[in-house]
Structure formats: C-alpha cells, structure tokens
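Worksheet: one structure, shown below.
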Amino acid sequence: MSAQRRRHPEIMATRATPQSHTRPSALGAGSRVTVPRWRIHVILLLTLLLVGRVVLRLGELQVLQHETLSTQAQREIDQTIVLTPQRGTITDRAGNVLAMDVDRESLWVIPSQIDAERAPRLALTLAALLNKDSAEILEALINPDIYWIRVARWLEPEVAAQIVALKEPGLHLEYEPRRVYPQGEFAAPVIGAVNFNGDGISGVEGFYNTALKGITGTLRAEFDGAKNPIAIAPQQTLPPRDGVDIALTLDPFVQYVIEKELKESVEAHNADGGSIIVLDPQTGAIRGMASWPLFDPNRYYEYSEEVYTNNPAVNALYEPGSTFKMITAAAGMQSRAFSADTQVNDTGVVFRYDQALSNWNGGANGLLDPGKMLYFSSNVAALQFNELTGAERFYDAVGAFGFGKPTGVEMGGEQAGLVHRPGTPYYNDMLLLTNAYGQGIAVTPLQMAQAAAAIANDGIMMKPYIVERTCDGDNCTVTQPQENGRPIEPGVAWTVRRMLVNSANHYAGVVWGERTGDYFSDQWLVPGYQVAAKTGTSSIPIEGGGYDPSYTIGSVLGFGPAENARFVVLVKIDRPKDDIWGVSTAIPVFYSVMDQLLRHERIPPDPGLVSPGQTL
C-alpha cells in the first residue's frame, strides 16, 4: 500500500480530499452565458453591410472605373521619352573640328525624394557649387506640383562629381549634348552659333540647322520612380537619326592669315570693323572669310545680338566706291559702247543736272581711256564712260555681275543689295553717273568678290559656296562648282585684268615707299607676281541724307596671279580713324594677305617682277 502511494501520489491526494457539499455558483465553470438573438442578428447585418460595401467598392474600382484607373496607373509608369540625336560636326577643309556636340551632365531634382527639413541646407550647398541663387534652388527642391525639374545644365565634370558625393536621393544627373566650338573665335561669323534650345541662330549653324540637328527618336517603356526604364517590361524604340556632318571650304591657313591681318589693322587704325574675303575664282569656293568684331560662339550670349547674328561679309551693305569702276569699264567694253582706246576728258569737275561731280581731289587728269580711268581712279572719267554705255546696257551688266540679288551662299541672312535701275521708284538719271564710281548703289563684300572673280576667270562667274561636302553617316555628297553666269567675254576680261595690274602697281608706293624711298613711281605691288587690284574709298550714307563728313570705308579688291588666278581677295576696313581715305589702311593688308597666300600656294615668284629696292 505504501509503495503504491509512492508511485501514484495523485491517488492518495484525491482520496485524502473530502467531497464538498457547497452549492455551485452561477458563474462557475459549468455555467452557460446566453446572448439575445436580436443582438446576433444586428452584428451579422452590420457585417454583411460592411462586406457588401467593400464588394460594391471593389466592383466600382474593378469594373466601373477600371479603364480610367488603369490609364492613370499606366500613365505613371508608361511614358514616351524623346531621344535626342547628335548634332552634326562642322570642320574646315583640313578636317579640323570647328563645332561639335559634347555630352555634359545636367542636374535634375525630384522634389518628392528630397527631405523637407534638409532642403534649405541642400539649397545653400548647391548654390555654392552651381553659382546660382539659393532661393531659386530651394523653390525647386520643395515644389510639390512637379515630378522633376532641371536645376542646372552642362555641369563641369568636377562639379558633377561633387554633387554625386552629396549622395542625395532626389538629385539626378542626366547627360545632355552641348554645342562646343574648340577653336573659339576662329571663323565664328561663318560658323554661327547654337542657342540653348539646340537651334542654330546664325551662320552655317543657322542655314543648315535642320540637317545638322537630325531627327529625334522615341523610347516608349515603363519607368520606375527614378526615371529608369524597367528592364523586364516591353519597350518600343524608334532610334534617333544623327545630324549630317559638314566640311567647310575654309582653308585653316588662309583663315588664320586674314583674321590676324584684319585684327591688327583694325586695332592699329582704331577702325570700327572690317571684312576680308578670299575666294577661289575658278570654283567659287570660299577659302577664307573674316569679319570684325569677332565673338566666341561658346559664350555668344555675352555679346550683343548684332554681333553674333550677323556676318558682315554677306549681310552688311555698303557703297563700294571706286572698286566698282572695274564693273563700269567691263560693262562698257562688253556692250561695245567704247573700247580700251576710247578717251574722255577728265576736267576734274563736271556739272550734271545742276550739280557738281568731281574727282576725290578735284584735280584734272586730261584725256583718259578706261585703263587710265582705273589707274587714276577718276570719277569724272567713269561717269562719262557710263554716259556712253547708257542706263539700259549698264544696268543689264550690273545685274549680270550678280548685283541686286543674293549670291546664294549657304549662310543665313545674306542681303541682296540695292540697285535702283530705270523703272524702279527711286531711280533718277543722276544715279547712272554716280553708280559709275560706286556711289548710290549698295552691295555686300561677297558680291564684290564674286564679280571680281568673274573678271579673273575669263568672264565665267562661279557661285560662291562655303560647304565642301556633307556626310550623312558614310554617305557623303561633295559640292560641285556651279556657274552663276557669264557677264563678259574672255577678251573683255583679259583687257580689264591688264588694266587692273597697272592700277595695282600705281599704289605700290603705299607699301614700299618707306623701304625703297620711292612713294610715287609704279612698282610691283607684290614683288615676283603680277597682281590685279583696284582701291576704293566708300562714302558712308547718314540718316537724313548726305554722307558722313568725317569717316569713310577703305577697300582693295583684286586677285593674283593676274593670269590663272588662284585667289580673289577683298579687304574692307570700316571707318579707320587715322586715314580719311581708307586706302593707306587697306592696301598694306591686301599686300600682306596676297603675298602670304601666293607663297603658301607654292607659286614660284618671277625674279623679273621685282622693282629696284624690293626683295622677294
């Protein structure tokens, strides 16, 4: 018994506990709790109502508003992104890059990812890095109405690296193409500039803007919150088509020479500006085109709009002055109104229509033929030759030489010039006389160079062009030289050329006088070469009528060698302050440019074409 109790103590305990005779409590373990049935029904009804409401709402969302909500949801992630093409490069004829696109990082902000408490401090940090106003940056950081916004464009690499080091989730760097001009001011008026929207606004950039820009593409895909395409989602890509690459006709050596000479002359004579053009008369290719003032297209916005949107060589009108006398001589001989031997009497001053018309110094030169008219630059002789030619034949020749209409060169803003011929509102008989020596008619420097090129090229006038070839990928198109007319016969062109050689040598003393001690005798303007040229002093019209009494435009227009010419050169210096006639300013520049170009072309000089005191 004792052993059994040790093995089963619970039995012993049970047994040792007496039975209780106390009445059980109503809340005891064996009692039952009853809930009124109506309460249960209320609870079930409420539950059913809530479930029904949920079901109805789900039905409304899933069925009635399915399309609308799906569209909204899809719009959040399914987007079409424009893919920007690469703008075409621009090079000179030697392949040196003049304009190109370079990818630079731009800073974008997603305000929803920016901690509002940290935003003011972040704005100050970014303001210091970006050199921008912190208040503007803060406004972008906390703007709740936009998903993302660009804060700064085209960051320098070191600035972009500092922004990455901030490790701010709401700051995002995206690459954008930026137009860069590695040569800076070099040939800037020809090349032009591209604005912040990627559009060309001047020069070749403006004229060929559509071709250079290319065609945009698109990417349609699902994007995450960081604007990255979701890789597993389907994508539709229409790739962009890059812009064409353009090679210009500019020779880098020629361009360097004329820009240097123009800059030195403008600064030395405190001139307002100027232009130099170098043209290949046999093809019309522009080998050099310089204008002053220059600008840096990388920072075009720092200059006045007049500077960066204009190329004075093609859109600045001026009265050509005595350089136009070569056209007067050619027009009369081509029409057979007079010959190279016809003479008129230069009395220094003549009266026409109750007005006195005179030479530059009022001096008389006696009997002059067309060659001597050019040699002495006689206004009185020129107007008399024009009287022989007559208005109809003269203005027909002027039109045939390309005046009064654009040359068609591939640069924006080219001017047509102003020619008042009989039958037009502003024509009068006096214009026939003053046009003979380049007054009362307005031209562009390129028009003058084109006309002189026709004389140099046996009467065949070639259309000027600046683009040598365009390449769309591997498909390249080379520009073919194109005739712009034949205003004069080869024999007339040869005769005018011989006259212009004598004219050039007549002014050689301006260059060589100090070296040879002879300021007045004819000498070879460019020793070793026969060069044809004509000087010009252009009066400057002023508002209200008349001409500027204090300043003029000095120019020289010519070509070399005189036979089988390689270069036509126009030098134009605007308002030199120390040279009222402008000739002493322009002639040295013309000489220096022509001498360097002929030597660069490896044309051997002729030792027989050297005057006493000159050296090769």
Side-chain angles (χ1 to χ4, degrees), residues 4-82 108-123 137-151 166-174 218-238:
Q4 184 179 10
R5 288 178 180 173
R6 286 194 298 268
R7 289 194 300 268
H8 302 287
E10 69 278 10
I11 296 177
M12 185 173 72
T14 301
R15 289 182 178 178
T17 303
Q19 293 183 357
S20 175
H21 298 284
T22 306
R23 186 176 179 179
S25 170
L27 297 177
S31 65
R32 299 177 60 186
V33 178
T34 61
V35 178
R37 187 174 296 273
W38 68 269
R39 291 186 178 180
I40 296 175
H41 291 167
V42 169
I43 294 172
L44 289 176
L45 180 60
L46 292 175
T47 304
L48 289 174
L49 289 174
L50 290 174
V51 171
R53 175 58 181 159
V54 172
V55 171
L56 288 174
R57 182 58 178 162
L58 287 175
E60 180 184 5
L61 296 176
Q62 295 291 331
V63 180
L64 298 179
Q65 298 187 32
H66 172 76
E67 185 172 350
T68 301
L69 295 175
S70 295
T71 301
Q72 292 178 355
Q74 196 66 24
R75 190 180 299 141
E76 291 291 328
I77 60 174
D78 189 3
Q79 298 183 26
T80 299
I81 302 298
V82 176
W108 294 76
V109 170
I110 301 180
S112 62
Q113 297 180 1
I114 299 293
D115 186 343
E117 294 183 0
R118 291 175 48 83
R121 179 174 294 182
L122 179 59
I137 297 177
L138 178 60
E139 182 180 356
L141 293 177
I142 61 177
N143 191 335
D145 299 325
I146 54 176
Y147 178 76
W148 71 339
I149 184 174
R150 183 171 55 201
V151 173
L166 296 176
K167 297 181 179 180
E168 287 287 343
L171 303 182
H172 296 266
L173 295 174
E174 297 287 337
T218 56
L219 169 62
R220 180 165 185 161
E222 294 182 1
F223 290 81
D224 59 22
K227 303 298 288 184
N228 298 312
I230 300 173
I232 61 173
Q235 299 181 5
Q236 295 180 353
T237 303
L238 179 63

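None of these values were measured; they are calculated from a predicted model. Position 1 is the first residue of the sequence, and the numbers go up from there.
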Derivation of the salt bridge (Lys or Arg N to Asp or Glu O under 4.0 Å) call for Arg150 and Glu174: CA-CA 10 Å; Arg150 183 171 55 201; Glu174 297 287 337; over 6 Å; no
Rounded to the nearest 0.5 Å, what separates atom [atom1] in [X] from atom [atom2] in [Y]?
| X | Y | atom1 | atom2 | answer |
| --- | --- | --- | --- | --- |
| Leu141 | Glu168 | CG | CD | 9.0 Å |
| Leu45 | Leu49 | CG | CG | 4.5 Å |
| Leu122 | Ile137 | CG | CD1 | 8.5 Å |
| Ile149 | Trp108 | CD1 | CH2 | 8.5 Å |

Audit row: His172, Ile110, side chain to side chain contact (heavy atoms under 4.5 Å, CB included) steps and yes/no: CA-CA 8 Å; His172 296 266; Ile110 301 180; 3.4 Å; yes
